[in-house]
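Down below is the structure, laid out as structure tokens.
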Amino acid sequence: MNAETGTEFASMDMIATEWEKKAETRELIIGVIGLGYVGLPLAQAYCRQGFRVVGFDVSPEKVKLLGDGKSFIKHISDESVKVMRDTGRFEATTDFDRLNEPDALLICVPTPLNAHRDPDLAYVESATREISTRLRKGQMVVLESTTYPGTSDEVMKPILEQESGLKAGVDFAIAYSPEREDPGNPKFETSTIPKVVGADTDAEKRMAIAVYQAIVPQVVPVSDVRTAEAVKLTENIYRAVNIALVNELKSVYSVMGIDVWEVINAAATKPFGFQAFYPGPGLGGHCIPIDPFYLSWKAREYGLTTRFIELSGEINANMPGIVVQTVAEELSARLQKSIKGANILLVGLAYKKNVDDMRESPSLTLIEMLEARGAKVDYYDPYIPVVPYDRDHAEFEGRKSVDWTPEALAKYDAALIATDHDNVDYDLLLKNIPFAVDTRNATHMISGQLREKIVKA
């Protein structure tokens, strides 16, 4: 870097050595910024391993709930939050002046797209600025949020250095470790999933490894921060492209009278060379609908076009419209009724089964499109009794899930199954409604005459 580089790196090497010792003895203090679907499980993982954890969030409501030993996320129980609180090692706060207390600051904030489908790093930049005015020597800042290669170096590093007067890799460390949360998956949790870490110097990488190897079974170091940032994008682009493929196959096989789910399940019996992906009414969640566009946006800076990614995005984005058209056609064919004025029950508001997470859920788009065509739409979701605020669909806030009774179901002309929750009585649904459009193969166990009421879409 300069004439003093040798001395400075020696200093960081000494800090890294000290971190490794303090990680083993659980003396490091961990700060988690953003206590949502990623940050809260991460805080729990560290607390369980004996670390002191300070959780930061802008929401006083979340902080109060955690202080009361209560959870606001379905798959994280109140009891587990209470246990974490009662250890005395966890504290949630809205006081960002305390950012100088932790040794490691792990940023777990949203990275959405803006109205033009470009990366919106407002939350990352805000968190970084909050850190920069309190940053002290020897701290490490790690971004866990999904982003494009270059974010840590081009966006975060300048803010941290300019505001603090300190130098990355010399006075403080920067690393990247992508979150790999899968909400509601009973097979995996934060502490059982390998963690990728990337940093631009050996000392910074050692610090990151020391922090994460205390809570996960395997740490996977990569050469630098940009490589680590690319890993997360690659994981989710892989899923988005393959989901687009099966969505297109569904459209083709449907007109041939072939059940795409039966095809995929049979193909999945091949023990090599095939991984099953399943179609749906569109993409949802905090990663797959968003992450591929981060790379597409960044690629344009290099004069490149990511045609495969963009084609996949187009196919997936078209799915809600195809589903709504199927509902309209079935109303006309079965009931001789227009979609305008029809009473439709959308089953499942969450983006995936058995969770209360509706981020980027295609169900919201389906409601919007159905109502735009004049349908009257209600919803049922056992995990989301009331629609919370969503910045892209603020008009739905406060809507309530309907009762799941024969009398309530009988008033609808059709059901649209958008999420395949396991605890929904689909038999009761089909006994009390003219027909159901099933986008998730949720009704695959239904037999007999009721199957005539099922339309796969």
Side chain proximity check, [X] to [Y], heavy atoms < 4.5 angstrom:
| X | Y | result |
| --- | --- | --- |
| F277 | L245 | no |
| R26 | Q49 | yes |
| L40 | L66 | yes |
| D381 | M358 | no |

State, without any angle test, whether [X] and [Y] hold a side-chain donor-acceptor pair at a distance under 3.5 Å.
| X | Y | result |
| --- | --- | --- |
| E301 | Y148 | no |
| T87 | R48 | no |
| T306 | S296 | yes |
| S77 | E79 | no |
| N265 | Y278 | yes |

Spacing of [atom1] belonging to [X] relative to [atom2] belonging to [Y], to within rounding of 0.5 Å:
| X | Y | atom1 | atom2 | value |
| --- | --- | --- | --- | --- |
| C47 | I215 | SG | CD1 | 11.5 Å |
| K195 | T190 | NZ | OG1 | 8.0 Å |
| L106 | E179 | CG | CD | 12.5 Å |
| K232 | I237 | NZ | CD1 | 11.5 Å |
| E229 | L143 | CD | CG | 7.0 Å |
| D118 | F293 | CG | CZ | 10.5 Å |

